[in-house]
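Encoded as structure tokens, the structure appears first; notes follow it.
Numbered from 1 within each chain, the chains take letters A, B, ... in sequence-line order.
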Amino acid sequence: MAIKFYNTLSREKNAFVPFEGNTVGLYTCGPTVYDYAHIGNWRTYIFEDILRRHLEYSGYKVTQVMNITDVDDKTIQGAISNKVKLDDYTAKYIQAFYDDRDLLNVKPADFYPRATQHINEMVEIIKSLLDKGIAYKVDDGSIYFNIDKFAGYGRLSHFRIDELKAGNRIKSDEYEKAQVSDFALWKAWDANDGDVHWETELGKGRPGWHIECSSMSRKYLGDTFDIHTGGVDNIFPHHENEIAQSESFTGKKFVHYWMHSEHLQVDGRKMSKSLGNFYTLRDIVAKGYDPMVFRYFVLGAHYRTKLNFTWQAMDAAKSAIEGLYDFMSRLDIHNPSGMDDAVKHAVEAFRDAMDDDLNTPVALAAVFGLIKDVNIHGAGGKEVYEAMLDMDRVLGLKLADHVSDKAADIPLEILALLEERQTARKSRDFAAADRIRDEIISAGYLIEDTPEGPKVKKA
RNA sequence: GGCGACGUACCCAAGUGGUAAGGGAGAGGUCUGCAAAACCUUUAUUCAGCGGUUCGAGUCCGCUCGUCGCCUCCA
């Protein structure tokens with residue numbers, strides 16, 4: 001079965017065929033570093049990570065670019081109100097972004113271009129758009145894109161320009177734009193920007209938001225590339241504007257496949273920084289959840305459906321992933337167990353699910369199907385272990401960290417207590433045995449009395 | 001007002017017209033000195049409601065109700 005992706009542009013699932021050979025250019029809209037990324041941001045980044053991992057799993061060579069927006073209204077205001085340089089202000093959040101990424105086992109992109117380091121590339125495109133008469137400069141020096149000059153405007157979001165004009169709630173008298181739906185390519189400096197500005201051929205100012213993605217994607221992936229992703233809220237205006245800018249500039253098709261992830265909601269409402277109802281990964285870790293629990297939670301729903309974040313749902317995810325880890329810890333990773341047919345079946349089901357527009361819930365069901373087969377059979381061996389790790393190349397749930405021989409991690413004094421308890425049990429001194437058991441439990445370990453004897457693991 | 005998505009068991013969640021995956025929780029059971037853990041079994045004659053198309057609809061069409069989103073910075 002070939003890979004199929006839902007393309008926002010066509011509004012249907014299409015077979016995925018790379019533009020060139022088996023290489024895939026992937027541009028993923030990244031963070032604006034004025035604060036910690038919230039878990040809704042992370043849902044999207046995890047989706048993009050799954051996309052990239054599945055492409056690689058399927059044999060493609062992926063070049064992933066994720067921009068870092070380190071200059072905009074919020075970063076400038078943050079720097080000013082904290083009385084630090086813009087770069088110093090954003091540095092903290094860029095580092096936090098990388099830290100969280102690693103905690104969530106999201107693979108690093110190949111490039112993390114920063115807007116502030118690509119001003120020249122943006123100026124080049126804006127100049128060209130001015131020359132072509134597609135962009136225009138207003139009295140204060142700002143430059144806008146005239147959306148009437150791009151015939152395909154609205155193709156991605158399915159908005160019509162006249163509808164936008166009618167429905168637009170911006171007070172147009174605040175702007176000098178020719179029409180409210182035109183968007184800024186270059187913002188002339190004003191006092192609110194403090195010392196944040198660039199002196200360029202366009203004048204003194206800073207770039208608009210949309211142009212950074214057009215210029216940086218072009219620099220690292222070329223005029224045309226395969227996949228562009230982001231959250232659904234980016235469809236309009238951000239991605240619509242990117243198409244307009246890039247295609248007006250190059251005269252070529254910008255992107256073949258547009259993929260967008262739905263929002264994570266909190267208690268049934270959209271989460272956003274401006275609404276202030278957001279959690280960060282730090283909040284989740286502070287509540288005692290392993291970051292992998294959140295990753296599992298995200299994978300439990302398809303990326304194009306809204307997912308409602310609740311602590312109850314997190315607890316369910318925690319139980320489920322602990323079950324996976326427990327299963328890993330019981331596998332005999334050295335000897336085969338004759339489960340090759342079940343393994344083959346599960347991996348095929350897994351692959352089919354992922355090929356079908358990254359259907360992670362069904363892929364997880366394939367994993368659980370294998371677990372059930374193995375449990376009924378009695379025990380899992382080497383081939384099961386290898387299959388689990390194979391599927392985890394895509395899932396990224398760190399299953400390898402939970403394989404057997406965990407006894408090595410148990411402190412000697414705990415093992416000694418376990419020995420003492422066994423002695424007490426054999427002499428039928430259950431009061432002493434239970435006392436020792438309580439001691440072991442309060443030390444943070446769990447005893448499992450199995451037919452093969454007692455085992456200890458971390459609680 | 002314009003555009004759009006969604007509504008599946010106690011909770012989360014798949015489901016491409018052919019007879020409701022999976023996970024969590026609950027309930028039974030196996031094991032155990034007891035417990036815990038683990039494992040097994042089990043839990044929707046039904047998919048918001050009402051009509052329609054069809055041999056057949058959770059899946060297609062229409063209407064109603066409800067929820068959410070985009071149209072403004074936003075993953």
Side-chain angles (χ1 to χ4, degrees), chain A residues 4 11 13 28-32 34 37-48 69 72-74 154 157-160 162-171 180-181 209 229-238 260-265 268-275 278 296-297 299-302 304-310 312-321 323-324 326-327 329-330 349 353 356-357 359-369 371-372 374-376 378 425-426 428-431 433-434 437-438 441 446-451 454-457 459:
Chain A
K4 285 185 297 184
R11 293 200 173 180
K13 286 184 196 172
T28 50
C29 274
T32 302
Y34 72 99
H38 59 58
I39 55 176
N41 299 124
W42 285 112
R43 183 194 189 185
T44 296
Y45 303 140
I46 289 169
F47 145 67
E48 289 156 350
T69 301
D72 79 322
D73 290 350
K74 289 176 196 165
S157 58
H158 294 252
F159 286 135
R160 299 208 328 259
D162 54 341
E163 286 167 351
L164 287 170
K165 289 172 181 169
N168 208 303
R169 283 179 264 133
I170 294 181
K171 295 191 195 90
V180 288
S181 38
W209 174 41
T229 66
V232 286
D233 53 287
N234 279 157
I235 294 170
F236 189 89
H238 186 49
H260 295 94
S261 65
E262 251 298 346
H263 278 148
L264 181 74
Q265 302 187 331
R269 294 224 117 233
K270 175 186 173 177
M271 175 167 54
S272 77
K273 290 178 180 176
S274 44
L275 287 177
F278 69 92
Y296 180 90
F297 166 72
L299 267 39
H302 189 265
R304 281 190 292 109
T305 64
K306 288 186 257 293
L307 176 59
N308 191 21
F309 178 88
T310 60
Q312 186 186 12
M314 280 293 284
D315 286 337
K318 183 169 187 277
S319 296
I321 197 171
L324 286 178
D326 200 79
F327 176 78
S329 73
R330 291 197 306 273
D356 184 14
D357 197 29
N359 196 332
T360 50
V362 171
L364 285 173
V367 172
F368 283 105
I371 289 176
K372 176 141 292 190
V374 168
N375 284 334
I376 288 171
R425 290 178 77 200
K426 273 173 191 152
R428 306 194 64 78
D429 183 357
F430 296 123
D434 289 351
R437 181 169 65 195
D438 289 343
I441 289 170
L446 215 58
I447 295 181
E448 280 185 48
D449 287 320
T450 71
K455 290 179 185 168
V456 189
K457 64 181 183 184

In whole Å, measure the gap between the [atom1] atoms of [N] and [M] for me.
N: rG22(B); M: rA5(B); atom1: P; value: 29 Å
N: rG4(B); M: rC40(B); atom1: P; value: 47 Å
N: rA44(B); M: rG2(B); atom1: P; value: 43 Å

Whole angstroms only, please: what is the [atom1]-[atom2] distance between [X] and [N]?
X: Q265(A); N: rC6(B); atom1: CD; atom2: P; result: 13 Å
X: N234(A); N: rC71(B); atom1: CG; atom2: C1'; result: 15 Å
X: H302(A); N: rA13(B); atom1: NE2; atom2: P; result: 14 Å

Carboxylate-amine/guanidinium contact R437(A) D434(A), below 4.0 Å: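 Counted as a salt bridge, because a side-chain N and a carboxylate O are separated by less than 4.0 Å.
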Check ion pair K455(A)-D449(A) (N to O, under 4.0 angstrom):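 Salt bridge: no.
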rA27(B) pairs with, by Watson-Crick or G-U criteria that keep both distances under 3.5 Å: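 The answer is rU41(B), by the H-bond criterion.
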Measure from the side-chain heavy atoms of [X] and tell me the nearest of [options].
X: D449(A); options: rC68(B), rC39(B), rA35(B); result: rA35(B)
X: A365(A); options: rC11(B), rG33(B), rG22(B); result: rG22(B)
X: R11(A); options: rG4(B), rG23(B), rU32(B); result: rG4(B)

So does [X] get a side-chain nitrogen or oxygen closer than 4.0 Å to the phosphate oxygens (OP1/OP2) of [N]?
X: K318(A); N: rC12(B); answer: no
X: N359(A); N: rG15(B); answer: yes
X: T305(A); N: rA14(B); answer: yes
X: T310(A); N: rC12(B); answer: no

Touch class at under 4.0 angstrom, heavy-atom based, for A320(A) against every strand present: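 Since only primed, P, OP1 and OP2 atoms lie under 4.0 Å of A320(A), the category is sugar-phosphate.
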Check: R437(A) side chain, rC34(B) base, donor-acceptor under 3.5 Å: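 Result: at least one qualifying N/O pair found.
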Under-3.5 Å donor-acceptor pair between K306(A) side chain and rC6(B) base: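 In this structure, the two groups form no donor-acceptor pair.
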Taking every non-hydrogen atom, the tightest pair across A433(A) and R425(A):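 The pair with the smallest heavy-atom distance is CB-CG, 3.6 Å.
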Mutual orientation of the aromatic rings belonging to F159(A) and F236(A) [parallel < 30°, tilted 30-60°, perpendicular > 60°]: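 Answer is perpendicular, since the angle exceeds 60°.
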